[in-house]
Each structure stands twice: as structure tokens, then as C-alpha cells.
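Below is one structure, written out as C-alpha cells; comments come after it.
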2 protein chains.
Amino acid sequence: MEAGRQRQGRLWSNLKEVCDLLHIPAACSVTTEELLFQHVQFKTGQRIHTIGQPFDTLYIVNSGFLKTVLIDEFGNEQVLSFPMKGDMLGVDGIHTRHYSSEAVALSDCDLILLPFKKLTALGRVHLELENMMYGVMSRELVREQAMIGMLGALSAEARVARFLVALAERFSQMGYSSKLFNLRMTRHEIGSYLGLTLETVSRTLSAFNEIGLISVDQRTIGIKDAEALKTLRRLPPSRTRAKQQATAKTKGETIAPAQLLAAL
Amino acid sequence: MEAGRQRQGRLWSNLKEVCDLLHIPAACSVTTEELLFQHVQFKTGQRIHTIGQPFDTLYIVNSGFLKTVLIDEFGNEQVLSFPMKGDMLGVDGIHTRHYSSEAVALSDCDLILLPFKKLTALGRVHLELENMMYGVMSRELVREQAMIGMLGALSAEARVARFLVALAERFSQMGYSSKLFNLRMTRHEIGSYLGLTLETVSRTLSAFNEIGLISVDQRTIGIKDAEALKTLRRLPPSRTRAKQQATAKTKGETIAPAQLLAAL
DNA sequence: CGAGGCCTTGAACGAAATCAAAGTCAGTGG
DNA sequence: CCACTGACTTTGATTTCGTTCAAGGCCTCG
């Protein structure tokens, strides 16, 4: 459909800028400006690459928000990640020389092109660059391992809670507020990412809102109690709460929300 | 506990052998035998590396079976993978220079040591080696993405079915029978890997056995109908089967197992 | 204003977890 | 040799979390 890129080619970045973006301590041996990487702009909804497309370039997100997805045998999307500033895209294409996932812009985006051939050639000359590559790929691997652990072991509430905390931290790193931000993705996309249905995501956000952990207004999220979100395992049954309070031998005093939330 | 390695140092491999093991088309530019990598043996139960331990070497499995695990805040293991011949271990340590997972031998193992420093240095001289590194890391990433997709979207039955098929294929690649093999891991470990409880794994295997997809005898698995396993989405409700047959307008004839299994 | 996405909420159902009890097997030591 | 221990597995009964199905509300944009 909208396969065409929004090539404007106005911007270029040097190696130092690329390393900074990736949070790689560039020894900055290359002050020369001859090593330039081109930028490309994508508009909301455009695809950066599709599944099966021949691989030749990696991308670094300079600004904007994206999602990467797998498409299963019957056309259902499985969201794999929500890349944003400083993330690398396309690494999954190296192995088979074809991208194995699809990347879509969730907002207008500015990406840096890293032609893979050029990159590896440069890596042999500039050691930081090579280390950067290994580091970024390893980091991505660790991120996915954490994701597997989360999908394998955590309750729906815990997944949503950690998702919010992770988002808040990313926004903080990017210099935005970690307390108040806008989700760039739909409930459906969040659900797919977390292995849940959109209804469960919606209900969970409402529940967090009700007990004061966050505030929700459509896609605007306010983080009220980041600590509780970080350690949350499961929510106290809202309808049964009275019964639970009666059962607990707490000398009649009301159980503090924090206690309930931290319950195994 | 048994932190000590079983260093025997009897075996060494050259670059060609390493590439073969990883299924990398080594251009075999290096026929010289000076590039040697040491082997190390581990016995069942021994740890290859632990979480947080300083990273300096990658491992390739030459023989044997292992598991890699994450340990959560309360000591619960989350199985991430079951590496076997040709798999690489330790890549997650590159990023932070500390392993982020733990690898344990499920059987006696023979691993090849790849000191990371040495490896990257060699990569600059031997291009196939560098390509191998990128390829293997990318492959691992793709594998984990598939895992995330599976955990996020598939039913318990489908997960177990695909797990068996994947195992069968690995055994086949390794030259063993893909029709009859022994599981090297417990039901608990399989469950952890698939995001299920051990009871669910056990029940699912029993169900597959009952309808003739596999045969199960403790850890010995016989694959009877690989195709059905590959495409299975959900099992027909065994107790409701009579009712379903009645509901279906199939002129009184019995529904073929294959039809039921392929049901969306 | 109306249409179409997106989101929320409720009710009922169902898949998998949890709880519980036996059964199997390998290894150990009397 | 055999009984005993402990880890692993199977199977059943029950519970619960999350899905599914359904209806209505809320924004945005033509």
C-alpha cells in the first residue's frame, strides 16, 4: 500500500551521534565527519520493512514510535516490541538475509539508515562500532529473554504493571516525564504485546486507576505509585475485599493498599 | 555447589569444525590448524555460568543437552531454552559484560570455549567468523521472537505440540531419529519453558497419546502424526465429543480425527 | 451530523492453575 | 535381595483468571 518511503534526505548523522543515540560510550576516535549516515522519515502507518523482504539495512530510531510484529498463518498480528528513540530495527534480518518481522510507524518517525555491509566494513576499522553492534544485539536478546520470562510467569495485572513501568522509564531516559505520558499504541496492540486481550488490558488499567496506582484518560497515563507497580504480582479481588479483610487477623484495622498489593 | 569445571582439555577444534557445528558455510579459507578452540566437559547438573558472573567467553555445544534459565525475585526458575548440539551459549553476557542467565547441563556435555576477545579479534581477520557471529546472534533473536509469538498467542495444546515438533526436527538435524526420542528435561522444565504448569504438560501429552498423535512412556516420546502436531490449534473437548458429533451435520458418520484437530 | 475506530463494562464461559492423592522409577542402604 | 526414600509423573476435583460475547459510550474526522 504505502510502501514508498518519505525520502527527504535532509539529515545526516555522524558516528558519534549514532553511538550517543545507542548509549554506547563512543571513544570518539572519529571526529572526522566523513562517516555519515542518512536519515529517512516515515509517516504514521507506513511500513519500514515487511516480512520476507530482502535484508540490507538496519535502522536506528532517532525520533518517533513504532511497533514490530509477526504475522501468523491466519493474518493475526503478534506485537513483538515498541521501538522508540535509540532502538535498533532489523537485526532479525541478518540471519536469513530477509526480515522476519514487520516494522510499522505508530507516529511520524525519523530513522537513521545503517547499510549492513557498510556497517560491518566500518566495524573492522572502528572498534567501537563493532562493539556497539555486538552490544546492541546482545541487549536486544536480553530484552526478549525478559519478555519470555514475563509471558511465561506473570499474571495479567503484573504484565500490564511492568509494561507501564518500563514505558515510564523509557520516557524518562528520553527526557520526557515518567509520571505523565501518552500511549502511542491501542489497547489491542498492548494486549498482543503482553499476550492478553484488549478487554483485559482495559479492565486492568481501570482497576489500577480505581485503587490509585495510576490515572487513565484514554491514552493519557499518569503514574501515581511506580513502586507498587514495579512489585505488583496480583491484585486483591475487588469484590471479595471485605471478606478478605475479615479473614485477616489484623485486629480490625483496615489493610493498607500496599500490603494487599505486595501479597504473593 | 559444583561450580568447578570438569577440565580435561583433551579436545580441540579448529575454525572449520566450529563453523560446521554452527551450520555456517565456512569458506574454509583457514586450513591452517593454528586456530584452535579448547573443549570443556561438564557433567549432568553442573552449571556452565551463573547469573551475574563476569562474562568473557561464549560456548558452543558440541554434544549433550542443557537448559538456560532466568531466576526471578523469589528463586523461581524460568526456562529460556534447551540448547543442544550446534547452539551457542552466553551471548546474553556481551551487553553488560555479565551473564544475565544461567546455563545448566541436563546431561554430560562437551562444550567448545570461545573467548570473546579472541573471537572478535579473529573476526576482523577472518570474515566468515565475523559473519558467523552476527548470523548466530540474529538467529537466536529470531528464535526468541518466535517463542514470544508462541507464548502470546497459542493454546497449551498447540505449545506442547510445537515443542515436540521442534524437538523432533532438532534430533533429525543431529542425525537421530525424529520419530522416537528421549526428553532430557522434566515436565516441570517443559512447563516453565512453555509458560504452563507441569500438570498441564503431563495431561496434554496424555491426551496426544490417547488420540494417537504420539506415544508416551515416561520420557520416551514417539511421534506418530507430525503433520497434525504442526498444525494443531486446539484439541476437541474429549468429554463433549459425543455432543459435538451430534451437533455436526455429518450424515451420522464419525468425524475423522484430522478434521477435529485442524478445527480453528 | 453520522460513521467508524477505539475504549469500557458486564455476564457467562472455559482453559489452565491449583490442590490433592496415587503411582512409577532409580538409587541407597540394611 | 528388598524395602525405603525422594524425585518425577499421572490423574482427578475444584477454583480462578482471563477470554469471549455483547452492548453501549466516546472521540475524531469527513
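Atom set for the values below is all heavy atoms of this structure, side chains included, hydrogens, waters and symmetry mates excluded.
At least one side-chain nitrogen or oxygen of A:Arg219 sits closer than 4.0 Å to the OP1 or OP2 atom of C:dC7. At the phosphate of D:dT11, OP1 or OP2 sits under 4.0 Å from a side-chain N or O atom of B:Ser206.
Aromatic ring pairs are classed by plane angle as parallel below 30°, tilted from 30° to 60° and perpendicular above 60°; the pair A:Tyr59 and A:Phe42 is perpendicular. Between B:Phe65 and B:Phe171, the two ring planes are tilted [angle within 30° to 60°].
Looking only at side-chain heavy atoms (C-beta outward), A:Arg187 and A:Leu205 come within less than 4.5 Å of each other.
For A:Gln218 and C:dT9, the CD to C1' distance is 14 Å, given to the nearest whole Å. Protein atom CG of A:Leu198 is 16 Å distant from nucleotide atom P of C:dG10, rounded to whole Å. What separates CG of A:Asn182 from C1' of C:dC6 is a distance of 15 Å, to the nearest Å. Between the CG atom of A:Leu154 and the P atom of C:dA17 there is a distance of 14 Å, rounded to whole Å. Rounded to an integer number of Å, the gap from A:Leu196 CG to D:dC17 P is 14 Å. Distance A:Arg159 CZ to D:dT19 C1': 13 Å, rounded to the nearest Å. B:Asp217 has its CG atom 10 Å from the P atom of C:dA26, to the nearest Å. D:dT19 atom C1' lies 16 Å from atom CZ of B:Arg233, rounded to whole Å.
B:Asp110 contributes no side-chain N or O that, together with a main-chain N or O of B:Asn62, makes up a donor-acceptor pair within less than 3.5 Å. Looking at A:Ser101, its side chain never comes within 3.5 Å of a backbone N or O of A:Val69 through a donor-acceptor pair. Judged by distance alone, the side chain of B:Gln78 and the main-chain N or O of B:Ser192 form a donor-acceptor pair under 3.5 Å.
Among D:dT11, C:dT18, C:dA16, the nucleotide with an atom closest to any side-chain atom of B:Ser202 is D:dT11.
Counted within 6.0 Å of NZ on A:Lys85, heavy atoms from surrounding residues, nucleotides or ligands total 12 or fewer; the atom is thus considered open.
With sequence neighbours left out, the ring-ring contact (aromatic ring centres under 6.0 Å, His included) criterion links A:Phe163 to A:Tyr193.
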Which pairs, protein N/O on one side and nucleotides 19-21 of chain C N/O on the other, fall under 3.5 Å?
residue : atom : partner  : partner atom : Å
C:dC19  : N4   : B:Glu199 : OE2          : 3.1

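The existence of a salt bridge linking A:Asp87 and A:Arg143 is excluded, since no basic side-chain nitrogen approaches an acidic carboxylate oxygen closer than 4.0 Å.
Near DNA chain C, meaning a heavy atom under 4.0 Å from it, residues 185-192 of chain A has A:Thr186, A:Arg187 in order of number.
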